[in-house]
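Have a look at the structure below, then the notes.
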Number of protein chains: 2
Amino acid sequence: MLRRLVTITIKDVAREAGFSVATVSRVLNNSGPVRDETRRRIEEVASRLRYAPNVAARSLITRKTLTIGVLLPDLYGEFFSEVIRGIDRAARIGGYHLLVSGSHNDREEIEAAVHAMHGRVDGLIVMSPGLEPRSIVAGLPRRLPLVLLNCEEGSNGIDSVNVDNYGGAREMVQHLLGLGHQRVAIIGGAADNYDARERLRGYRDAVEAEGGTVYEELLVEGDFTESSGHKAARKLLGLDPRPTAIFAANDSMAIGALSALREAGVVVPEQMAVAGFDDIPIARYVSPPLSSVHVPIRGLGVRAVERLLLAMTDLMEKTREVLPTRLVVRESCGGSTVDARKTASAEARRIEGAHNPEEVVKT
Amino acid sequence: MLRRLVTITIKDVAREAGFSVATVSRVLNNSGPVRDETRRRIEEVASRLRYAPNVAARSLITRKTLTIGVLLPDLYGEFFSEVIRGIDRAARIGGYHLLVSGSHNDREEIEAAVHAMHGRVDGLIVMSPGLEPRSIVAGLPRRLPLVLLNCEEGSNGIDSVNVDNYGGAREMVQHLLGLGHQRVAIIGGAADNYDARERLRGYRDAVEAEGGTVYEELLVEGDFTESSGHKAARKLLGLDPRPTAIFAANDSMAIGALSALREAGVVVPEQMAVAGFDDIPIARYVSPPLSSVHVPIRGLGVRAVERLLLAMTDLMEKTREVLPTRLVVRESCGGSTVDARKTASAEARRIEGAHNPEEVVKT
DNA sequence: TTGTAGGCGTTATCAG
DNA sequence: CTGATAACGCCTACAA
């Protein structure tokens with residue numbers, strides 16, 4: 001009988017099975033040739049003893065941790081949590097664990113977090129839209145596989161997975177202009193945020209492409225939170241003349257704006273069209289259902305892991321990958337092909353079978 | 001000059017500084033006595049060489065990983081992500097890393113995840129409202145510090161941090177009844193979910209305490225998602241007589257219900273009162289702002305970590321801790337002290353300075 | 001105050 | 001096919 005209450009090691013298994021630790025190791029790792037009978041015996045003993053290899057010892061010699069590090073600006077909200085969900089699934093499928101850390105906005109915090117993760121991970125996924133890619137890479141241990149999420153261009157030699165912020169924003173604003181809106185306002189994200197800048201650029205180009213003018217007073221800065229969207233919308237309501245449409249650079253701010261409009265008695269979309277960006281899952285359930293630019297949020301996470309796993313095998317060349325977005329028109333911008341008032345009939349809906357039959361997807 | 005591009009170890013530091021590895025180790029860990037001059041020299045060399053101790057080697061001998069494992073049913077959504085945020089902050093303050101994993105609903109998945117984390121973490125935080133505490137503990141390595149989140153009672157000898165599901169639900173339903181509603185419906189969570197069962201129990205007791213009857217047709221089961229809330233609300237709308245109030249067992253379902261009501265042309269709260277549970281951050285921004293039972297979500301995570309860290313020092317006795325909830329009355333249930341129609345004036349709001357001055361908190 | 005040396009649990013490289 | 005045995009990098013008695 002072997003000692004209990006004490007960690008049992010490969011030696012215990014070897015002794016109990018009547019073989020050497022080398023052979024046990026070969027069985028457990030499927031490395032090297034082992035006679036079938038031997039394998040059976042060792043496996044039996046190992047499972048009977050509930051043997052579990054010591055992770056530290058193993059990674060000390062293999063120099064692998066089977067862990068991926070994830071650094072995000074925040075862990076909270078429908079966006080980030082959906083990214084993490086994607087990462088989690090893909091990582092598990094690949095047999096990797098996830099070491100996560102949030103709240104990394106400035107360079108020092110990032111460096112501290114990376115430093116702390118050093119030696120604990122085989123690769124890193126970093127999203128930090130406020131920092132230049134080069135600056136992130138600079139503070140990193142050489143040779144550590146890395147994939148950046150939503151980072152600036154001009155980062156040759158760095159792997160990254162990105163969302164088509166510019167194209168998505170441009171398409172949405174074009175859509176709003178096409179509905180006849182002359183004064184489309186934008187609630188942007190922080191100026192030091194790359195995603196925010198790109199979405200703003202898309203807005204500008206869309207307006208100018210239509211021969212319109214970008215009025216500076218229609219550009220309000222938020223910070224991607226509901227409360228900032230709420231505040232920004234109030235500001236826009238004070239303008240004279242008022243805008244007739246608001247494009248928020250993300251859904252959270254759009255929802256904050258909807259809340260402010262409702263408080264002010266402004267009816268959406270009749271008196272004011274509203275649109276967001278990201279198409280977070282809740283977007284279709286707010287009132288009125290929010291038009292948005294669909295972003296494959298979970299796919300962003302999944303893809304990041306896939307790319308990282310490839311980078312770890314060193315086979316791939318570093319590239320910048322851009323995931324396409326898709327316009328999703330719901331009621332909030334009044335551009336649906338189905339008259340919004342028809343939605344008062346739940347019956348009509350049931351017949352069509354879908355949740356939001358009036359939802360229209362453009363390319 | 002020392003070799004580059006190769007891991008540098010404590011030996012390198014020792015050689016370069018002219019001391020033994022033992023002394024270097026003492027300096028780096030502040031263990032044992034070291035002469036000031038020696039310490040300075042070694043620290044200088046270590047930082048010049050950018051020496052970083054090998055995590056695996058260290059934890060092989062110390063038998064510590066400085067990592068906390070977190071197992072959740074899901075990583076997605078305002079609730080779970082807020083819990084994680086709390087855990088992340090508290091863990092970082094305590095100097096711990098976070099190994100997370102989502103999608104663990106049945107016993108096998110939990111056991112597999114725990115097994116995989118074995119040896120990688122110093123302690124575990126597990127939320128699995130669908131499993132009995134004993135069953136979770138059974139599949140766990142002995143001696144591994146553990147804190148359960150929102151688990152059933154009757155788990156003596158197990159640490160847990162919980163939300164007062166019963167009390168919160170009861171209070172909310174009492175409030176609705178107090179507003180004069182005779183037929184209050186509930187959109188519950190899945191029957192195998194502990195939180196859901198407790199909230200349902202609170203509902204039942206509140207109704208019966210008021211001498212009312214619990215009508216079975218007013219009990220509709222959801223699964224905590226917006227879409228299930230949407231579906232459930234449609235079902236309730238088909239009833240005759242209709243309920244006049246809907247209590248959803250969480251905010252996501254309440255939001256789904258609001259969406260269904262709006263589609264059906266039912267005005268909230270005039271024609272139907274709606275209330276949720278959790279008070280996720282977005283609750284105050286939906287239309288109309290959602291009454292809810294405030295749960296200290298982030299605090300749940302923070303507290304779990306605090307308790308786990310204590311459990312790891314083995315000083316505390318195992319207890320079941322219950323965090324109090326708080327009723328938050330907003331417009332969706334019509335029970336606000338401020339007439340909802342006043343909210344049409346954004347100006348009035350600005351004067352009061354607060355976002356939602358009509359928000360009322362009861363105890 | 002400092003150095004020597006043993007051992008943590010595995011894997012990997014050799015012989016046999 | 002199997003078995004010694006040397007790393008892996010670090011901590012920690014025990015000596016000096």
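As a basis for the values below, the full set of heavy atoms in this structure was taken, side chains included, without hydrogen atoms, waters or symmetry mates. Naming convention: chains lettered A, B, ... in sequence-line order (proteins, then strands); numbering from 1 in each chain.
Using five terminal pairs a side, the axes of the helix from dT1(C)-dA16(D) to dG16(C)-dC1(D) at its two ends make an angle of 40°, given in steps of 10 degrees.
Nucleotide dC8(D) holds its C1' atom 14 Å from the CD1 atom of I10(B), rounded to whole Å. Across the protein-nucleic acid pair, R63(B) atom CZ and dG7(C) atom C1' stand 11 Å apart, rounded to whole Å. Distance, R58(A) CZ to dC8(C) C1': 16 Å, rounded to whole Å. dT2(C) atom P lies 12 Å from atom CZ of R40(B), rounded to whole Å. Taking atom CZ of R41(A) as the reference point, atom P of dT2(D) lies 13 Å away to the nearest angstrom. Straight-line distance from the NZ atom of K11(B) to the P atom of dC8(D): 7 Å, rounded to whole Å. A straight line from CG of N54(A) to C1' of dG7(C) spans 13 Å, rounded to a whole angstrom. Between I8(A) atom CD1 and dC8(C) atom P the separation is 15 Å, expressed in whole Å.
Among all heavy-atom pairs drawn from N193(A) and D195(A), the shortest one is OD1-N, 2.9 Å.
Between Y51(A) and I61(B), the residue anchored closer to the 5' end of DNA chain C is I61(B), taking for each the nucleotide with the nearest heavy atom. The residue among L60(B) and F19(B) whose nearest nucleotide of DNA chain C is located toward the 5' end is F19(B).
Looking only at distances, a side-chain donor or acceptor of R307(A) sits under 3.5 Å from a matching main-chain atom of T319(A). No side-chain donor-acceptor contact under 3.5 Å links N165(B) to the backbone of A196(B).
For the side-chain hydrogen bond (donor to acceptor under 3.5 Å, both in side chains) test with Y76(B), the passing option among E82(A), E78(A), R298(A) is E78(A); the others fail. Tested against L149(B), the residues V83(B), V126(B), V163(B) include a single side chain to side chain contact (heavy atoms under 4.5 Å, CB included) partner, V83(B). For the side chain to side chain contact (heavy atoms under 4.5 Å, CB included) test with V121(A), the passing option among L98(A), T67(A), L66(A) is T67(A); the others fail.
Taking CZ of R39(A) as the reference point, atom CZ of R26(A) lies at 11.0 Å (rounded to 0.5 Å). For the atom pair CE of M117(A) and CD1 of I68(A), the computed distance is 11.0 Å after rounding to the nearest 0.5 Å.
Distance from the side chain of V21(A) is smallest for dT5(D) among the nucleotides dA5(C), dT5(D), dG9(D). You'll find that the side chain of S20(A) is closest to dG3(D), out of dT10(C), dG3(D), dG9(D).
The environment of K318(B) atom NZ is dense: over 12 non-hydrogen atoms of other residues, nucleotides or ligands sit within 6.0 angstrom. Within a 6.0 Å sphere centred on CD of E132(B), heavy atoms belonging to other residues, nucleotides or ligands number 12 at most.
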Evaluation steps, salt bridge (charged side-chain N to carboxylate O under 4.0 Å, His left out), between E43(A) and R40(A) | CA-CA 5 Å; E43(A) 278 170 346; R40(A) 241 191 308 281; over 6 Å; no
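For T23(B), no side-chain nitrogen or oxygen approaches OP1 or OP2 of dT2(C) to under 4.0 Å. Here T38(B) reaches the OP1 or OP2 of dT2(C): one of its side-chain N or O atoms lies under 4.0 Å away.
Salt bridge R92(A)/D88(A): present, at least one basic N to carboxylate O contact under 4.0 Å.
Proximity of residues 25-35 of chain B to DNA chain C (heavy atom under 4.0 angstrom from any strand atom) is restricted to R26(B), P33(B), V34(B), R35(B). Listed in residue order, the members of residues 111-120 of chain B having a heavy atom less than 4.0 Å from DNA chain C come to none.
Note on S59(B): nothing from the nucleic acid sits closer than 4.0 angstrom, heavy atoms only.
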